[in-house]
Amino acid sequence: MKIEFERLNHIMLCIPEGAEEAARAFYGNVLGLRELTDMGYPLPNGAIWFQMGDIELHIRAEHSSELSQRHPAFEIKNLEAARELLEKNGIAIRNDSPIPDRKRFSFRDPFGNRIELIEML
């Protein structure tokens, strides 16, 4: 069994707490990205989402910590089979906050990098 990767769905970058308006100014005004504000549901954890070509850029404030929440998110076809494969290999799975149009979870690679896997509904 292998994970059936579809495409890169989004990248999440982190900013210092309180820098949300500076992030909007930079990513929206300087880089010219369109902010996604009407998704039909509240964005998780106070995130700011931008459209960047055919992927999304997610910006979120975080406390400085050893294990950052920065991550790429990959769309796959078989999320539950991927979960089974990773758990079978001793990889701890983190069930992330729910988003209505997708199922998702994340895990850390052996080097501490966070990776999110998503199956669109």
Side-chain angles (χ1 to χ4, degrees):
M1 186 271 166
K2 66 177 189 167
I3 298 172
E4 296 180 49
F5 288 92
E6 289 277 301
R7 70 181 190 104
L8 179 65
N9 177 274
H10 71 266
I11 297 170
M12 189 177 96
L13 300 177
C14 296
I15 59 173
E17 291 180 317
E20 290 82 359
E21 289 312 309
R24 282 187 168 95
F26 178 74
Y27 291 101
N29 298 338
V30 175
L31 297 186
L33 301 179
R34 180 175 58 91
E35 184 173 351
L36 302 173
T37 57
D38 187 15
M39 301 298 290
Y41 49 84
L43 298 179
N45 302 306
I48 304 167
W49 290 8
F50 293 95
Q51 191 66 48
M52 180 182 258
D54 69 344
I55 67 168
E56 294 173 358
L57 173 63
H58 298 177
I59 306 291
R60 193 174 87 196
E62 95 175 342
H63 294 289
S64 180
S65 67
E66 190 173 309
L67 290 176
S68 176
Q69 293 302 309
R70 291 172 177 88
H71 68 275
F74 298 99
E75 278 185 38
I76 64 172
K77 292 183 179 180
N78 54 343
L79 190 70
E80 290 312 312
R83 177 190 303 271
E84 187 177 310
L85 174 73
L86 292 167
E87 288 176 337
K88 180 180 170 184
N89 283 279
I91 310 269
I93 301 299
R94 176 182 166 196
N95 292 310
D96 296 316
S97 57
I99 298 176
D101 60 349
R102 61 195 78 188
K103 295 188 300 185
R104 67 191 189 123
F105 65 77
S106 61
F107 62 94
R108 300 273 176 182
D109 72 9
F111 314 100
N113 296 302
R114 180 176 174 223
I115 298 171
E116 182 179 349
L117 297 180
I118 295 173
E119 185 172 0
M120 302 304 287
L121 302 175

When every non-hydrogen atom of Asp96 is compared with those of Phe105, the smallest separation belongs to OD2-C, 3.4 Å

Evaluate Ile55 against Arg7 for side-chain contact (heavy atoms from CB on, under 4.5 Å), listing each step before the verdict. CA-CA 9 Å; Ile55 67 168; Arg7 70 181 190 104; 3.8 Å; yes

Should Ile59 and Glu35 be marked as a side-chain contact (heavy atoms from CB on, under 4.5 Å) after you check the CA-CA gap, both sets of side-chain angles, and the distance that decides it? CA-CA 11 Å; Ile59 306 291; Glu35 184 173 351; over 6 Å; no

Heavy atoms, side chains only, cut-off 4.5 Å: are Leu79 and Ile118 in contact? no

Is there a continuous path of hydrophobic side-chain contacts, each under 4.5 Å between heavy atoms, that joins Leu121 to Phe74? no

Could you tell me whether the side chain of Asn78 and the main chain of Lys2 form a donor-acceptor pair under 3.5 Å? yes

Can you name the nearest heavy-atom pair linking Cys14 to Ser68, along with the distance? SG-OG, 4.2 Å

How about Arg114 and Arg108: do any of their side-chain heavy atoms sit closer than 4.5 Å? yes

His58 and His10 aromatic ring geometry - parallel, tilted or perpendicular at 30°/60° bounds: parallel

Is the side chain of Arg104 donor-acceptor paired with the backbone N or O of Glu75 at a distance under 3.5 Å, no angle test? no

Donor-acceptor check, side chain of Gln69 to backbone of Glu62, threshold 3.5 angstrom: yes or no? no

If you measure from CZ on Phe5 to NZ on Lys77, what distance do you get to the nearest 0.5 Å? 13.0 Å

Check whether any side-chain heavy atom of Leu13 sits under 4.5 Å from a side-chain heavy atom of Ile15, and report yes or no. no

Taking Arg60 for the side chain and Ala47 for the main chain, is one N or O donor matched with an acceptor at less than 3.5 Å? no

For the student: nearest non-hydrogen atoms of Ile3 and Ala82, plus distance: CG1-CB, 3.7 Å

Roughly how far, to the nearest 0.5 Å, is the CG atom of Leu117 from the CD atom of Glu4? 12.5 Å

Hey, are the side chains of Phe50 and Leu31 touching, using non-hydrogen atoms and a 4.5 Å cut-off? no

Hydrophobic clustering (ILVMFWY, side-chain heavy atoms < 4.5 Å, transitive) - are Leu8 and Ile76 grouped together? yes

Qualifying residues under side chain to side chain contact (heavy atoms under 4.5 Å, CB included), relative to Leu36, sequence neighbours excluded: Arg34, Met39, Trp49, Gln51, Glu56

So does Glu84 have more than 12 non-hydrogen atoms from other groups sitting under 6.0 Å from CD? no

How far apart are the C-alpha atoms of Ile99 and Asp101, what are their side-chain angles, what is the distance that settles it, and do they pass the side-chain contact (heavy atoms from CB on, under 4.5 Å) test? CA-CA 6 Å; Ile99 298 176; Asp101 60 349; 3.4 Å; yes

Is any side-chain heavy atom of Ile115 less than 4.5 Å from a side-chain heavy atom of His71? no

Quick check for you: to the nearest 0.5 Å, what is the distance between Ile93 atom CD1 and Ser106 atom OG? 8.0 Å

Are side-chain heavy atoms of Asn9 and Arg102 found at a separation under 4.5 Å? yes

Taking a hydrophobic cluster as the set of Ile, Leu, Val, Met, Phe, Trp and Tyr residues connected by side-chain heavy atoms closer than 4.5 Å, whether directly or through intermediates, do Val30 and Met52 fall within one such cluster? yes

Indicate, with yes or no, if Phe26 and Met12 share a hydrophobic cluster defined by side-chain heavy-atom contacts under 4.5 Å among Ile, Leu, Val, Met, Phe, Trp and Tyr. no

